[in-house]
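The analysis underlying the following values was restricted to heavy atoms, covering all of them including side chains, and did not include hydrogens, waters or symmetry mates.
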Amino acid sequence: MKIEFSSLEEGSASFALDDASIAFANALRRAMISEVMAFAIEDVKIYDNASALFDEILTHRLGLIPLVTDPDSFVPRSKCSCNGAGCTRCTVTLTMSVEGPCMVTSGDLISQDSVVRPALDNIPIVKLEKNQKVVIEAQAYMERGMEHAKWSPTTICGYKNYPIITHDDRCDGCGLCVEVCPKEILLVKGSAIGLKDGALESCSLCRLCEQACLNSGIGDEPAIHIKMDDRRFLFTVESAGALPTVRIIKQGLLFLKNQSDELYEALSEIRG
Amino acid sequence: MIPVRCFTCGKVISTAYEEYKRRRDENEDPKKILDDLGMDRYCCRCMLLTHKEIIDELNPYQ
């Protein structure tokens with residue numbers, strides 16, 4: 001198994017996963033979406049809310065703010081020694097006290113921890129007029145994306161099979177397939193079609209080119225062939241802001257490793 | 001208030017709204033503004049394009 005990055009930034013990454021089964025690719029995708037833990041606000045004490053928004057809407061908006069997460073310094077609340085009561089090992093308290101007229105933003109949240117704080121400071125929460133006031137105390141903790149999407153560290157996270165584009169010698173370079181390709185990855189090279197440099201990965205496997213080739217009256221089989229590589233996958237991962245993408249991928253792989261280790265141990269016990 | 005995240009994909013889009021609104025009111029082409037703001041997907045673009053701000057109409061009523 002091999003991972004080859006074609007782009008790797010803090011906010012988004014795309015890579016090719018080579019020599020893996022489709023089951024493994026999907027397991028990795030699901031692990032990154034719903035098993036990697038991230039911080040999010042869950043409990044909010046509202047001391048004062050004179051804004052036009054209801055308490056519930058205000059709290060919902062607070063919950064959706066991505067918080068920078070350091071999974072090494074905190075433990076999930078369900079596994080914490082405080083038994084879910086909330087202590088400094090699993091919970092971070094954020095406070096906010098703002099008086100209008102102004103726009104309340106995520107930057108107004110003051111965190112008790114130096115690392116866990118809003119990933120973006122300019123997320124608008126509510127607009128306050130004169131004499132309006134919001135005073136809250138919020139508790140954030142780590143949870144899985146499976147519990148609620150606000151804890152998922154990813155936004156876009158998916159894969160497609162690696163495309164294989166070939167043509168046989170019946171291709172006469174008529175260019176019909178070049179015209180219909182929505183991703184514009186094909187071009188006419190002499191008397192046959194070819195690929196633009198580095199454009200192969202943008203193929204969405206829509207097969208409009210095969211259809212266009214058939215419509216040209218070439219026969220029952222098109223001269224251009226779009227196939228999928230069953231052992232190679234193109235992943236796209238985008239971070240919501242809680243964790244850098246490389247960390248999401250690592251944590252997802254770590255989760256899969258731990259799960260298979262657990263399964264191995266359980267099976268070993270049964271066998272004795 | 002503009003939703004914090006895109007309903008469909010979950011990208012934080014509310015941070016782009018202030019600039020979007022300002023440039024739209026200066027009669028700039030929404031397509032260009034959205035491209036500049038990094039709104040690549042049509043789900044996120046739709047969130048900004050179709051938002052109607054009513055907080056100023058609600059604010060007089062407690």
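- Surrounding CZ of A:R144 are more than 12 heavy atoms belonging to other residues, nucleotides or ligands, all under 6.0 Å away.
- By the neighbour-count criterion of 12 heavy atoms within 6.0 Å, atom CG of A:D197 is sparsely surrounded, having that number or fewer from other residues, nucleotides or ligands.
- Across all non-hydrogen atoms, the minimal contact from B:T15 to A:P124 is N-CD, 4.3 Å.
- With a 4.5 angstrom heavy-atom cutoff, B:I13 does not touch chain A via any of its atoms.
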Could you go step by step and tell me if A:N122 and B:E18 meet the side-chain hydrogen bond (donor to acceptor under 3.5 Å, both in side chains) rule?
-> CA-CA 10 Å; A:N122 55 346; B:E18 275 300 311; over 6 Å; no
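- Minimum heavy-atom separation, A:K127 to B:D56: NZ-OD1, 2.8 Å.
- Summarising the geometry of B:R5 relative to A:A240, their closest heavy-atom pair is NH1-CB, 3.7 Å, with the distance given to 0.1 Å.
- By the 4.5 Å heavy-atom criterion applied to side chains, B:M1 and A:I125 are not counted as neighbours.
- Heavy-atom contacts from other residues, nucleotides or ligands closer than 6.0 Å to CE of A:M103 number more than 12.
- Other residues, nucleotides and ligands place more than 12 heavy atoms under 6.0 Å from the CZ atom of A:F24.
- The local environment of NE2 in B:H51 is crowded, with over 12 non-hydrogen atoms from other residues, nucleotides or ligands closer than 6.0 Å.
- The number of heavy atoms from other shown groups lying within 6.0 Å of CD (A:E137) is above 12.
- The shortest distance between side-chain heavy atoms of B:R41 and A:I156 falls below 4.5 Å.
- With chain B as the partner, the residue from A:T105, A:I123, A:L128, A:L53 showing the most heavy-atom pairs under 4.5 Å is A:I123.
- The two atoms that bring A:A52 and B:L58 nearest to each other are CB-CB, 4.0 Å, heavy atoms only.
- B:V12 touches chain A through its side chain: at least one heavy atom from C-beta onward sits under 4.5 Å away, while N, CA, C and O do not.
- Under a cut-off of 6.0 angstrom, the local environment of NZ in A:K196 is crowded, with over 12 non-hydrogen atoms contributed by other residues, nucleotides or ligands.
- Of the atoms belonging to A:L120, it is side-chain heavy atoms, and not backbone ones, that fall under 4.5 Å from chain B.
- Other residues, nucleotides and ligands contribute over 12 non-hydrogen atoms within 6.0 Å of the NZ atom of A:K160.
- Per-residue counts of heavy-atom pairs under 4.5 Å with chain A were compared for B:C9, B:P3, B:C6; the largest is that of B:C9.
- Note that the NZ atom of A:K130 and the CG atom of B:N59 stand 14.0 Å from one another [nearest 0.5 Å].
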